[in-house]
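Numbers restart at 1 for each chain; the letters A, B, ... are given by sequence-line order, proteins then strands.
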There are 2 protein chains.
Amino acid sequence: MNAGVDDRRSTILRAVVEAYIDAAEPVGSAYLAALPGMRVSPATIRNEMSALEGEGYLHQPHTSAGRVPTEKGYRRYVDELMTSADPGPDRADQVQGFFAKAHQEIEELLSSTTRLLTRMTDLAAVVTGPSAHRARIVSVQLVALSSRTVVVVVVDANGSVEKRTIVWPGEADSGQLAEIGNAMTAHFRDREVRDVDSPPRFEDSELDKLGAYAFVAVREAVRDADRDGVFIEGTSRIAASFGAVETVRDVISILERHYLVVTLMRSLLSRGQGVAIGSEHGVSSLKECAVVVAPYSVDGVEVGTIGLIGPTRMNYASAIGVANLVSENLSRRLSEG
Amino acid sequence: MNAGVDDRRSTILRAVVEAYIDAAEPVGSAYLAALPGMRVSPATIRNEMSALEGEGYLHQPHTSAGRVPTEKGYRRYVDELMTSADPGPDRADQVQGFFAKAHQEIEELLSSTTRLLTRMTDLAAVVTGPSAHRARIVSVQLVALSSRTVVVVVVDANGSVEKRTIVWPGEADSGQLAEIGNAMTAHFRDREVRDVDSPPRFEDSELDKLGAYAFVAVREAVRDADRDGVFIEGTSRIAASFGAVETVRDVISILERHYLVVTLMRSLLSRGQGVAIGSEHGVSSLKECAVVVAPYSVDGVEVGTIGLIGPTRMNYASAIGVANLVSENLSRRLSEG
DNA sequence: TGTTAGCAATCAAGTCTACCGAGTGCCAAG
DNA sequence: CTTGGCACTCGGTAGACTTGATTGCTAACA
């Protein structure tokens, strides 16, 4: 029972899954028997498939049809049967080439990484920006837009820039603003974003009041930091993957709710899962989808997520391979500086 | 010929368009004759419809079907026959309420405005950020991320912040950086973004070299400024509007190419068109779509665009009304400060 | 002259039937 | 345990027929 990956039954399950991924049509015994590696007759394959159906790995849409993998079937395929997710040297080169001439700016880098993922897998791709919570603050500056409007600009060590526009309580004085900015920079410098808890204090009581006021903007600016960085591309591939418009609508409408997608990916990662198939992830609108996730890290710390979303009959080997490959390259790239 | 909007034939055309917008099904003479305002028999209506078909305003999918508006029919409807695009006091209140408690930050304001548009019209919505070319620069600062990495931060009068991360030629010295930043701020202050043409000069030859180097980053940062600000929401409504998955895929794949959408909207506006129907705009993948655009302005200068995209049988009155309403409110809001 | 009732004509879409064929399950022989 | 053979199932396709919506035309009418 549940022997290895080499027994005949498993081989047949693998062949069914791969054929179905390829052709999106129920797979019959005759087709399988004709496969190069297969040394048994259709009748034997039928027996095995019948057993696989009993075990819950396959499903028969109707009596006179071939078999289709169930979620459990895909799961077993991904966990045990799949041949290596190594994307091969061509793709490795492609990814390396991409990162070699990729843009400096982190946002543009991530956004074009998302497009790269979509292009390589033909799936919808998601990349979340590096979580800002652990990033260190490098500079805080206050700039007057007008006499009553001030923009607070916070730069962190990732090179992310967050800002908050506020109405200044009184006439904005550029000397004062500079002084507050310098004090803030000194105060927060090298502290992590999540440690922004109290404003710097000033001798001068007016400055102290203004400083406390500006501090609120700093806190809000860094609190929003994570919200910016979600990149999603390849939505149109979803339309190409499903025949039913309703499914397309449901899936796309989930993809439009970025925070939902991010939550989903994070929760998968935190449970140590790299792949969620069908209803495993619990989002009912995505029950016909599978999600592949991989974390990426900066200096060894996992800070962001790469995700691929497509139909359950996606090419898992390719998707997982590409996700990991891109994750490694992106991590390396972001850890350089 | 082409009398007014009050002759019977025009009334019938209007009724056909409105019925078709409503029900998405070919409209027959019996249905029209039963309409409250209609005082003639189905036979008469048939005669008129036949004439309208001859004039190119209507089309009959097949002999035993009712009539469907052609592009020309929609065009005439929008230009002459449509009843007022006034969205009514409820919606005006809704929009005012929205802007009353909307977010300060321009990006978030525009992004939630896009969602508002989608919600109110059930169409895909696009808002382009205020063109930065005419914005005045308020501040330029150089911040060291590490000894060899510097981020150049440019703040403009809209409150937009642009940045560019560069490798510094040498050890980054915070005193030098501050000096260059101050000189840049003084040099570019109140100049328009499009006028960023030459760096400030420094007495010190090393500073002058570094300044020229940093200037490149400033120019690149402001050149990219326009690229950020495109907000698109409601893609999933497209899936709900069309029956064919291919159409959905085509349209969404256009929506994914932001620059294409922006170009389309700008070119419509520059030709003074507020509505483009079907093939009028020349983007073949959108031939089953109509696009409604409205500019918005800051202090009387048109700086950005609002757009709505949906099927040709969208509710034009509502779409145009909402686009204009939101445009006015957004303009007012952005011109306040 | 414009309007209308009446009516035959048209044609998409639905229903019914027959049939084909892909694919199975099972049995008996190897 | 494997396999060939065979009856069986059932979705899908094709054709014939029906239904119903809608038209265009004609002739009568105001």
Please confirm whether the shortest side-chain N or O distance from B/Ser41 to OP1 or OP2 of C/dT4 is below 4.0 Å.
yes

Measure across A/Arg75 and A/Val275 and return the closest heavy-atom pair with its distance rounded to 0.1 Å.
NH2-O, 2.7 Å

Main-chain N/O of B/Ala124 paired with B/Thr118 side-chain donor or acceptor, under 3.5 Å:
no

Once you round it to whole Å, what is the distance between P of C/dT24 and CG of A/Leu52?
12 Å

Side-chain donor/acceptor of B/Ser285 to backbone N/O of B/Asp250, under 3.5 Å:
no

Rounded to whole Å, the CG-P distance (B/Leu58 to D/dT23) equals 11 Å

Short side-chain to backbone donor-acceptor contact, A/Thr114 and A/Glu233, under 3.5 Å
no

Reckon B/Arg8 has a side-chain N or O less than 4.0 Å from the OP1 or OP2 of C/dG2?
no

Rounded to whole Å, how long is the line connecting atom OH of B/Tyr20 with atom P of D/dT22?
14 Å

Contact pattern, 5' to 3', of nucleotides 24-30 of chain D - B, S or - by protein heavy atom under 4.0 Å:
B------

Using modelled atom types and a 3.5 Å cut-off, is there a donor and acceptor pairing between side-chain atoms of A/Arg91 and backbone atoms of A/Met120?
yes

If I take atom NE2 in residue B/His62 and atom C1' in nucleotide D/dT23, what distance separates them, rounded to the nearest angstrom?
11 Å

Name the residue from B/Lys72, B/Glu18, B/Arg14 that meets the side-chain hydrogen bond (donor to acceptor under 3.5 Å, both in side chains) definition with B/Tyr77.
B/Glu18

For DNA chain D, which residues of residues 29-38 of chain B approach it to below 4.0 angstrom with any heavy atom?
B/Ser29

Out of the candidates A/Leu32, A/Val17, A/Leu58, only one should pair with A/Val27 under the side-chain contact (heavy atoms from CB on, under 4.5 Å) rule; please name it.
A/Leu32

Is any side-chain N or O of B/Thr44 closer than 4.0 Å to OP1 or OP2 of C/dT4?
yes

side-chain hydrogen bond (donor to acceptor under 3.5 Å, both in side chains), that's the test. Do A/Ser10 and A/Arg76 meet it? Break it down for me.
CA-CA 9 Å; A/Ser10 301; A/Arg76 172 113 182 265; 2.8 Å; yes

From CD of B/Glu48 across to P of D/dT23 the rounded distance in Å is 13 Å

Is there a side-chain contact (heavy atoms from CB on, under 4.5 Å) between A/Val230 and A/Val261 once you walk through the steps?
CA-CA 9 Å; A/Val230 185; A/Val261 177; 5.8 Å; no

